[in-house]
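Written out below as structure tokens is the structure these notes cover.
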Protein chains: 2
Amino acid sequence: MDANKKKQAGKSGACNLLPLSRYEGTLAVRTYLSLKDAILSLAYEPGEILRKREICDVLGVSRSPVSEAIAKLSAEGLVDVVPKAGTFVSRFSMDEIREGAFLREALELAAVEQVANIITGEQVAMLRQNLKQQEEMIAAQDFAGFYDKDAELHDLIMSFTGFRRIGQMAQSSWVQVNRARHFNLPTPGRIQETIEEHKKIVDAIAARDPEKARKVTRDHLRQLIKYLEPLETKRPDLFEAPSTK
Amino acid sequence: MDANKKKQAGKSGACNLLPLSRYEGTLAVRTYLSLKDAILSLAYEPGEILRKREICDVLGVSRSPVSEAIAKLSAEGLVDVVPKAGTFVSRFSMDEIREGAFLREALELAAVEQVANIITGEQVAMLRQNLKQQEEMIAAQDFAGFYDKDAELHDLIMSFTGFRRIGQMAQSSWVQVNRARHFNLPTPGRIQETIEEHKKIVDAIAARDPEKARKVTRDHLRQLIKYLEPLETKRPDLFEAPSTK
DNA sequence: CTCCGCAATCTAACATGTTAGTATGATAAT
DNA sequence: ATTATCATACTAACATGTTAGATTGCGGAG
């Protein structure tokens with residue numbers, strides 16, 4: 001009868017942490033990846049507190065690697081550290097989502113513009129191969145697979161710039177948008193539109209037309225944010241309290 | 001006569017560390033800032049090892065905040081951590097410098113394009129005020145002051161997007177370029193050219209001409225990298241060894 | 001019922017002890 | 001002289017102890 005000490009067992013995100021054996025690298029890196037997956041998959045809900053002690057127990061590590069992991073998450077904006085009080089999974093903020101979309105657009109437009117000027121035939125083939133796979137995924141009703149291929153297409157294009165950090169930078173800009181996207185119900189017909197847009201992008205790049213590539217890429221990227229805007233009113237609980245003065 | 005134990009006293013970067021009292025925030029943050037200043041000002045030379053113990057002694061803190069600071073520097077690419085061996089100030093890499101310039105350009109072009117569409121009269125006045133101060137600095141032969149105002153102009157423009165992280169993101173993209181810039185001897189006449197380019201940028205923004213603003217900003221940013229290219233052959237010691245297979 | 005203070009209990013931040021992998025330099029073998 | 005071996009002295013990585021600020025919840029005063 002000592003269970004009444006706690007009002008509710010209320011599974012605290014931490015119990016959904018994936019074991020570190022699924023990752024590789026130092027304990028700190030693996031802890032970071034595990035926590036990040038948990039936050040992005042929303043096992044930890046926005047606003048929820050991260051209990052270091054609990055995390056240590058669940059993952060079987062000491063506080064050092066956990067602290068290092070939290071520091072990284074904080075730098076990425078996935079958690080908010082309140083000094084001497086606690087660490088909380090950051091809530092959504094439409095301002096941040098818009099900024100993330102803006103930054104991603106800036107990077108990706110620069111990338112397609114550059115790539116359209118320097119792409120090789122072999123690389124074009126890789127892009128077309130990816131498009132084909134996207135259609136196969138849809139035909140097989142494998143939507144998760146489709147999203148993977150979608151992400152892969154964007155990554156491919158950015159990697160063709162020859163720069164390595166740009167993809168990771170776009171990724172981290174995009175993190176908030178991606179997290180929010182999980183809450184959006186799939187709009188019927190949107191997937192087919194998406195494929196059409198992807199084709200236009202690849203065509204413009206293959207035609208070595210940087211201006212056209214910029215335009216169609218911009219049109220494509222701006223679709224998502226449009227679909228995301230209504231989320232703020234539909235799920236206000238996920239968002240930061242509007243500054244209550 | 002026990003001084004011969006060490007081949008050379010060789011002041012090890014660490015002795016040029018600025019005291020933490022010059023900064024604010026947690027010890028970890030202040031340690032990070034102090035180390036970053038030391039690296040950017042080249043008190044620590046590229047390739048030099050960071051001795052944790054020494055840093056602890058000089059700054060009067062324990063290893064925890066120093067470790068956290070080094071983790072941040074590592075994430076920014078200013079130091080390379082070799083597991084179980086040591087932490088070294090990263091050498092220059094022309095590839096990284098080019099990538100930094102590319103990323104910076106991507107962000108700044110997106111910024112001026114956006115700002116040219118939404119700028120207010122008041123904000124234009126701030127930009128013109130800055131231009132005026134730049135000319136005053138030159139007239140007074142205050143080159144450091146000029147560079148501050150230069151940076152301020154770029155920051156101002158980016159802040160007018162209404163986004164907060166973009167400035168800091170551009171900053172971190174730019175870090176390698178900035179560090180390398182210290183080694184470039186000032187080219188006569190370049191400063192006057194720079195002012196002219198700044199004027200063109202502000203004019204295009206004030207004229208609310210996004211395309212023109214993109215063009216002149218791009219022209220401006222590409223000057224610097226042009227001046228930087230020769231550094232690799234002039235000071236090969238500062239650069240990574242070209243992969244020796 | 002509301003507001004205020006106070007103490008128990010959280011937390012991050014900091015300090016320090018421990019472990020294990022890596023480089024280095026002297027010495028021995030060739 | 002050159003290479004191989006091995007002990008020593010580094011280091012990052014990890015574990016754990018300590019400190020001080022913030023929150024929370026309870027009880028009492030108004």
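Every chain is numbered from 1 and lettered A, B, ... according to where its sequence line falls, protein lines coming before strand lines.
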Problem set entry | A/S64 side-chain proximity, nearest of D/dT23, D/dA12, D/dA15 | D/dA15

Problem set entry | Over all atoms of both residues, closest heavy-atom pair of A/A69 and A/L35 | CB-CD1, 4.2 Å

Seminar exercise, completed: Contacts of A/A28 and A/P83 projected onto DNA chain D by closest heavy atom; the upstream (5') one is A/A28

Exercise. Given atom CG of B/L27 and atom P of C/dA13, what is their separation to the nearest angstrom?
Worked result: 11 Å

Exercise. Rounded to the nearest Å, what distance is computed from the CD1 atom of residue B/I55 to the P atom of nucleotide D/dT11?
Worked result: 10 Å

For this session: Please work out if B/S67 contacts a base, only the sugar-phosphate, or nothing of the nucleic acid, heavy-atom cut-off 4.0 Å.
Result: nothing

Problem set entry | d(CD1, B/I70; C1', D/dA13) in whole Å | 12 Å

Problem set entry | Nearest-Å distance for atom pair CD1/C1', residues B/I49 and C/dA23 | 10 Å

Problem set entry | Side chains of B/F160 and B/M126 in contact at under 4.5 Å (non-hydrogen atoms) | yes

Seminar exercise, completed: Rounded to whole Å, the NZ-P distance (B/K84 to C/dT18) equals 16 Å

For this session: May I have the distance from A/L59 (atom CG) to D/dA15 (atom P), rounded to whole angstrom?
Result: 11 Å

For this session: Starting from P on D/dA15, measure out to CZ on A/R53 and report it in whole angstrom.
Result: 15 Å

For this session: For C/dA15, take OP1 and OP2 only and decide whether either is under 4.0 Å from a side-chain N or O of B/S62.
Result: yes

Exercise. Looking across every strand, which nucleic acid part, if any, lies under 4.0 Å from A/R51 by heavy atom: base, sugar-phosphate, or nothing?
Worked result: sugar-phosphate

Exercise. Would the number of heavy atoms belonging to other residues, nucleotides or ligands and lying under 6.0 Å from CD of A/E45 be above 12?
Worked result: no

Exercise. Any chance CZ of B/R98 has more than 12 other-residue heavy atoms, nucleotides or ligands included, within less than 6.0 Å?
Worked result: yes

Problem set entry | Rounded distance in Å - CG (B/D80) to P (D/dA12) | 13 Å

Problem set entry | Residue mapping more 5' on DNA chain D - nearest nucleotide basis, A/A85 or A/V61 | A/V61

Exercise. B/V81 side chain: which of D/dA22, D/dA15, D/dA13 is closest?
Worked result: D/dA13

For this session: Verify the distance criterion only: is there a donor paired with an acceptor across the side chains of B/R179 and B/Q176 at less than 3.5 Å?
Result: yes

For this session: Mind checking B/T26 for me? I need base, sugar-phosphate or nothing, with any heavy atom below 4.0 Å counting as a touch.
Result: sugar-phosphate

